[in-house]
Amino acid sequence: MPWATIENIDWWEGKDVEIRGWLANRRSSGKVVFLILRDGTGFIQATVALNEVFSKEDLKFLERLPFESALLVRGRVRREPRAPFCGYELEVWGVRVISVPREEYPIQKKEHSVEFLMEHRHLWLRSRRQNAILRIRNAVIMGIHEFLQKEGFTLIDPPILTPAACEGTTTLFELEYFDLGKAYLSQSGQLYMEAACMAFGRVYCLAPAFRAEKSKTRRHLTEFWMVEPEAAFFTFEDNLHLQERLVSFIVQKVLSECPRELEILERDTKPLERVTPPFPRISYSEAIELLQRKGFPVRWGDDFGGDEETAVSEEFDRPVFIHHYPRAIKAFYMQPDPENPDLVLNDDLIAPEGYGEIIGGSERIYDLALLEERLREHNLPREAFEWYLDLRRFGACPHSGFGLGIERTVAWICGVHHIRETIPFPRQIYRIYP
RNA sequence: UCCUCGGUAGCUCAAUGGUAGAGCGUCCGGCUGUUAACCGGAUGGUUGCAGGUUCGAGUCCUGCCCGGGGAGCCA
């Protein structure tokens, strides 16, 4: 008996198959019992009728099976316009019960509070909507690997335990590291990617990042995933070009590979179809002028909050680069603009529809003396950065890279309101369970 | 950390300071095509915790705990 998956059920039309899954819902109408099965790849309706195989007692038993019972169900695949979900249904002639919950399944077919769902995240993952979001996350991550590998980038894994901060120490998760004092959970793999790109040319990492910030917004997690490409001899311009092609590739891949998931999420795909290079660009100074015209009380030198980012992105129909920020509000390693040393060769990529910053990138300083000066300005402990300075002592060259936040990108593509739904087990300031 | 809203049945929510309720779920029964099925019956409570005001507190006051929304913070 072939083991069929629901996502490919159309292959089996007219054939007898076995579906291995769980009871997601059921209905009965006396002599017909409808079992809604899910197997992780989709949902399908199975019908059990009163006949020579199933007695009235059998139907009574199936009608009372608790939700989330694990089942092996055998039957014939039939096209059925009345069937929900996939247009096919399983005409059942055999059911084997693997396990039956003793307690009532907590998640019901109705609205629940956010608190309740987060408390039951381990079960919430089984719902149709969460399944769709995490399948799209899977497609996004696979798309990142596919694109970067094709572009000649090598995957290099960064350390998670690190000796020092990338930027300051206020937002680090700290732990004791044997006799060597404090260690910290990584905020970014970037500095290690800079070392790796001098060895491999083009590299990237896809790793978790940890922030002990007490941020409590729909765009923040304390543990999130970033892809960080870094390329030797890449200029600011090369960097932007890579970013817009990567983001476009991911979006187009999801559109072509995940139409069912986008439909489940009721995502309007029109704005996503427009996501093709080149992306519009606006300099920091132009953005300030734009915001002032729109009535925001911002002055040159201020950083942007979420509302400002959204106001800028509303002017464009696809993701927009904001570039050349003031040096004073950006990280220590960013290369100054040769035409104006108060600015740096950096960019933020702002997603449309109010989803905010999904990329931060820049060309990096490669001059030893300038980098040493910046470390001093930022009061960073030089000893911890000696290895990083070595990269400027031996074979220093222009290089650029960026970090793309996986959850923010998935949230935007899925059109979900809060990024806690885009990671299987979100870590937030007031939640570490489950 | 600040502002703001909330915590009542398993879940989602009602309840002028005056007998704690409904829908859903669950259990029992009915129904040969249901679409969060439907119909009938039954079941369900330390009103987040501690104290106070009052003849009387789910309701008012104080403190604490937990959570939602937002801000700040944020390669």
Side-chain angles (χ1 to χ4, degrees), chain A residues 24-36 43-51 54 56 59-60 63-64 66-67 78 80-87 89 91 101-120 127-128 165-168 170-172 186-191 193-194 209-222 224 226-228 230 303-307 309 325 329-334 344 346-349 356-364 378 400-405 408 417-418 420 428-431 433:
Chain A
N25 193 7
R26 54 172 156 63
R27 290 179 283 272
S28 121
S29 184
K31 306 295 186 293
V32 186
V33 176
F34 301 91
L35 304 174
I36 307 302
F43 288 71
I44 192 169
Q45 174 165 283
T47 59
V48 186
L50 182 64
N51 53 29
F54 295 103
K56 193 158 186 176
L59 292 198
K60 205 83 221 171
E63 193 181 311
R64 292 174 187 171
F67 295 137
R78 205 160 49 90
E80 172 55 70
R82 288 174 295 183
F85 307 117
C86 58
E89 117 185 333
E91 218 167 341
R102 291 184 180 180
E103 296 171 50
E104 187 185 338
Y105 186 60
I107 298 184
Q108 302 178 3
K109 299 167 290 179
K110 61 181 291 189
E111 299 251 335
H112 288 286
S113 66
V114 171
E115 181 184 0
F116 181 82
L117 290 171
M118 293 306 298
E119 200 69 16
H120 295 84
S127 78
R128 203 153 170 256
C166 268
E167 345 249 323
T170 54
T171 62
L172 286 167
S186 174
Q187 291 179 304
S188 161
Q190 181 198 313
L191 305 189
M193 289 303 104
E194 289 187 56
F210 303 90
R211 298 268 183 86
E213 292 155 12
K214 296 199 167 178
S215 298
K216 194 176 166 305
T217 82
R218 65 193 181 91
R219 302 203 316 276
H220 287 88
L221 297 167
T222 58
F224 64 100
M226 263 198 305
V227 58
E228 294 176 282
E230 192 76 28
D303 209 346
F304 300 133
D307 289 346
E309 285 175 354
Y325 279 65
I329 58 171
K330 283 294 169 182
F332 75 93
Y333 48 72
M334 291 183 178
V344 286
N346 84 307
D347 68 276
D348 284 352
L349 183 68
E357 179 187 342
I358 55 172
I359 283 181
S362 72
E363 192 172 323
R364 323 300 194 191
H378 286 78
S400 302
F402 62 92
L404 175 139
R408 288 185 184 180
H417 181 255
H418 199 298
R420 65 185 158 218
Q428 296 173 274
I429 170 170
Y430 293 126
R431 181 167 297 283
Y433 178 94

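Letters A, B, ... mirror the listed sequences (proteins, then strands); counts begin at 1.
Remark: side-chain polar atoms of A:Q45 are not paired, donor with acceptor, to backbone N or O of A:L35 under 3.5 angstrom. Between the side chain of A:S29 and the backbone N or O of A:V32 there is no donor-acceptor pair closer than 3.5 Å.
At least one side-chain nitrogen or oxygen of A:R420 sits closer than 4.0 Å to the OP1 or OP2 atom of B:G69. At the phosphate of B:U1, OP1 or OP2 sits under 4.0 Å from a side-chain N or O atom of A:K214.
Within the 4.0 angstrom heavy-atom criterion, base atoms lie near A:Q108. At the heavy-atom level, A:Y325 lies nowhere under 4.0 Å from the strands shown. At the heavy-atom level, A:R364 lies nowhere under 4.0 Å from the strands shown. In this structure, A:H418 reaches the sugar-phosphate backbone alone: every heavy-atom distance under 4.0 Å involves primed, P, OP1 or OP2 atoms, never a base. If you check every strand for non-hydrogen atoms under 4.0 Å, A:R218 touches sugar and phosphate atoms only. Among the atoms of the strands shown, none is found under 4.0 Å from any heavy atom of A:F402. Counting any heavy atom pair closer than 4.0 Å across all strands shown, A:E103 reaches no nucleic acid atom.
Residue side chain A:S215 reaches the base of B:C73 through a donor-acceptor N/O pair under 3.5 Å, judged by distance alone.
Taking atom P in both B:G10 and B:G52, one finds a spacing of 28 Å when rounded to whole Å. When the C1' atom is used for both B:A36 and B:G7, the distance is 26 Å, rounded to whole Å. B:C74 and B:G68 have their P atoms separated by 23 Å, given to the nearest Å. Between B:U46 and B:A20, the distance separating the two P atoms is 14 Å to the nearest Å. Rounded to a whole angstrom, the distance from the P atom of B:U43 to that of B:A22 is 11 Å. Annotation: B:C65 and B:G51 have their C1' atoms spaced 15 Å apart (nearest Å). For the C1' atom pair drawn from B:U8 and B:G58, the interatomic distance equals 7 Å after rounding to whole Å. Separating the C1' atom of B:A42 from that of B:C24 is a span of 16 Å, rounded to the nearest Å.
Rounded to an integer number of Å, the gap from A:H220 NE2 to B:G72 C1' is 10 Å. As rounded to whole Å, 14 Å separates atom P of B:U4 from atom NZ of A:K216. Atom CD in A:E104 sits about 17 Å away from atom P in B:U43, given to the nearest Å. To the nearest angstrom, P of B:C11 lies 8 Å from NE2 of A:H120.
Separating the CZ atom in A:F402 from the CD atom in A:Q190 is a distance of 11.5 Å, to the nearest 0.5 Å. Distance check: A:R218 CZ to A:R408 CZ gives 10.5 Å after rounding to the nearest 0.5 Å. Taking CG of A:L50 as the reference point, atom NZ of A:K60 lies at 11.5 Å (rounded to 0.5 Å).
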Strictly under 3.5 Å: I want the nitrogen or oxygen pairs between protein and nucleotides 30-34 of chain B, one per line.
from	atom 1	to	atom 2	distance (Å)
B:C31	N3	A:G30	N	3.3
B:C31	N4	A:S28	OG	3.1
B:C31	N4	A:E63	OE2	3.4
B:U32	OP2	A:K31	NZ	2.9
B:U32	O4'	A:S29	O	3.4
B:G33	O2'	A:R82	NH1	3.1
B:G33	O6	A:R78	NH2	3.2
B:G33	N1	A:E89	OE2	2.7
B:G33	N2	A:Q45	NE2	3.1
B:G33	N2	A:E89	OE1	2.6
B:G33	N2	A:E89	OE2	3.4
B:U34	O2'	A:R27	NE	3.3
B:U34	O2	A:R27	NE	2.7
B:U34	O2	A:R27	NH2	3.4
B:U34	O2	A:Q45	OE1	3.3
B:U34	N3	A:Q45	OE1	2.9
B:U34	N3	A:Q45	NE2	2.9
B:U34	O4	A:Q45	NE2	2.9
B:U34	O4	A:R82	O	3.0

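Each of A:I429 and A:R64 was assigned the nucleotide of RNA chain B with the nearest heavy atom; the assignment lying further toward the 5' end belongs to A:I429. Comparing A:S113 and A:D348, the nucleotide of RNA chain B nearest to each residue sits closer to the 5' end for A:S113.
Side-chain atoms of A:Y325 and A:D303 form no donor-acceptor pair, as typed in the model, at a separation below 3.5 Å.
Cation-pi check for A:R26 over A:F67 is met; the charged atom lies under 6.0 angstrom from the ring centroid and within 45 degrees of its normal.
Between A:E89 and A:R82 no salt bridge is recorded (no basic side-chain N to carboxylate O distance below 4.0 Å). Between A:E119 and A:R431, at least one side-chain nitrogen of the basic residue sits less than 4.0 Å from a carboxylate oxygen of the acidic one, meeting the salt-bridge criterion.
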TODO: Taking Watson-Crick and G-U wobble pairs with both distances under 3.5 Å, convert RNA chain B into its dot-bracket string, 5' to 3', dots for unpaired and | for cross-strand pairs.
DONE: (((((((..((((....[..)))).(((((.......))))).....(((((..]....))))))))))))....
